[in-house]
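What follows is a short report on a single structure.
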Amino acid sequence: GELVEWTGELAPVRSPVCLRRDNGELEQCLIGSTPLLNAEAALGALDSAVRAYDLGQGAWPTMTVSERIRHVEIFLNKMKQQREAVVRLLMWEIGKNLPDSEKEFDRTCDYISDTINALKALDRRSSRFENEQGTLGQIRRVPLGVALCMGPYNYPLNETFTTLIPALIMGNTVVFKPAKFGVLLIRPLLEAFRDSFPPGVINIIYGRGRDTVSALMESGKIDVFAFIGTNKGASDLKKLHPRPHRLRAALGLDAKNPGIVLPEVDLDNAVEECVTGALSFNGQRCTALKILFVHRSQVDDFLARFNDKLATLKAGMPWEPGVKLTPLPEPGKADFLTTMVEDACSKGARVVNEGGGSTVGTFFYPALLYPVSSQMRIYNEEQFGPIIPVVPYDDLDEVIDYIRTSDFGQQASLFGSDPKQMARMIDACANQVGRINLNAQCQRGPDTFPFTGRKNSAEGTLSVHDALRVFSIRTLVATKDNAASKA
Ligand code: G3H
């Protein structure tokens, strides 16, 4: 309920955008600083959330749905006034290009409006029922307690808010830690949070996870853990909770979504979708196409067209018109990607496109790798960046085997024009991945659609509608007593 001044340690925030110094060296622009809270300060924020949850009748968890909606609407209106500031920080902090930064902001606002509408519809639905023996039942949907919400750096606004907003609107109180990159862009919204919600309902903390989030989990006072990020991060944190079996989790995790180009295919469309599917925001999307299987009869043509298309993608600064390829925010990322390319090349692959895999500071030019095979790291490991591994195949069983044995199961894209081949692959993928895209790239949207994954890719389902259920539980009030039923 208040903006708290932090007088302790600060960390510099650097942009992926570099300046060239007089001595010719590249240096990442310093764009601000962020507080590094200690465990005590983080636990103070948690106590505030616990107290706000326990305030009793009429407080946030027991408010009427329409009252809570009113608070979220007030926040949404205030948030919309900060569009320019947030969009500018998206570009500077994570290097997302202007159209995608604007889209992330607008999409987040739409998500909030859609959540409000979905809750109104859920609330209108009758939850009363009666059996033949006259027992009356009524379902009441109640919050779970204190939610910890953490989002990833690639969608520091949108992905975080797709858990934060439903958690709040269902009556939970929240501790929210912004992503490591994309940390400044929450600042223009702090006053909107403060002025829209009752004190203690939303508590925003900054700092290193090992100092802050670990303490929150160890306290055992977190009831819902909403985390979009890596598998390792999620499981390390879950283990710290003294009662992990009672912790409700909504997790969006690692993925290695395959794009599968079948022997009969509209190659123009397949290439178009694979290029954007693999390279939007430099491949830093959990839903990006991270490995392409192309039938040997199509592979030469596919590579040539992919290469042509790649050559048209403009590299530059996020705010420059028409730019698609931009600097990468994670320190050391270009080195990691280089290692992946070197590993593949040492085992028989080559970089097909001119300049592919070259780096300048935080910039990594996309590498189209071919032929990729199972001994290479890039075959199984998630690159989360602009490497496009292409695997040639002769028999669909080879691809089916990959999908069946992969540790991940978020989505797959099938490109084909023969209904029999498509149907066979749909059957093969149906119990292995959360979503199958036909002649289209993998993606989360529309956000009203369920977003989930199998195996190590997710826990729980998020969508406008599903999230309302994730962050609440149904309590049944039952009676045979006519008088009591009026209560
Ligand atoms: O990083 C994972 C995001 O949910 C991807 O969303 O498919 O809309 O880019 P998107």
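Order of appearance sets the numbers: ligands from 1, and atoms from 1 within every ligand. Computed from a predicted structure; not experimentally measured. FYI, the numbering just counts along the sequence from 1.
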Looking only at protein heavy atoms, identify the closest one to [atom] and say how far it is in Å.
| atom | value |
| --- | --- |
| atom 4 (O) of ligand 1 | Glu159 OE2, 2.7 Å |
| atom 5 (C) of ligand 1 | Thr287 OG1, 3.1 Å |
| atom 2 (C) of ligand 1 | Cys286 SG, 2.2 Å |
| atom 9 (O) of ligand 1 | Tyr155 OH, 2.5 Å |

For [X], counting its heavy atoms only, list the atoms of ligand 1 lying under 4.0 Å from any of them.
| X | answer |
| --- | --- |
| Phe451 | 4 (O) |
| Arg444 | 4 (O), 6 (O), 7 (O), 8 (O), 10 (P) |
| Gln443 | 7 (O) |

Consider side-chain contact (heavy atoms from CB on, under 4.5 Å). Of Ile260, Val294, Val261, Asp266, which one does Phe415 pass it with?
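Among the candidates, only Val261 passes.
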
May I have the step-by-step check of salt bridge (Lys or Arg N to Asp or Glu O under 4.0 Å) for Arg88 and Glu93, ending in yes or no?
CA-CA 9 Å; Arg88 190 184 316 124; Glu93 280 197 271; over 6 Å; no

Pick from Arg285, Arg107, Lys103: the one approaching atom 8 (O) of ligand 1 most closely through a non-hydrogen atom:
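Selected option, by shortest heavy-atom distance: Arg107.
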
Side chain, backbone, both or neither: which applies to Asn154 and ligand 1 if a contact is any heavy-atom pair less than 4.0 Å apart?
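Contact part for Asn154 vs ligand 1: side chain (C-beta onward).
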
In this structure, which one of Asn437, Thr287, Asn257 forms a side-chain hydrogen bond (donor to acceptor under 3.5 Å, both in side chains) with Gln411?
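Output: one option passes, namely Asn437.
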
Might you work through the salt bridge (Lys or Arg N to Asp or Glu O under 4.0 Å) test for Arg305 and Asp308, ending with a clear yes or no?
CA-CA 5 Å; Arg305 292 189 206 195; Asp308 289 348; over 6 Å; no

Would you check, one step at a time, whether the test salt bridge (Lys or Arg N to Asp or Glu O under 4.0 Å) holds for Lys232 with Asp236?
CA-CA 6 Å; Lys232 180 165 177 357; Asp236 286 354; 2.6 Å; yes

Evaluate side chain to side chain contact (heavy atoms under 4.5 Å, CB included) for Met150 paired with Val213, printing each intermediate quantity in order.
CA-CA 10 Å; Met150 295 171 69; Val213 182; 3.8 Å; yes

Phe193 ring center near Phe75 ring center (under 6.0 Å):
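Aromatic pair counts; centres sit under 6.0 Å.
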
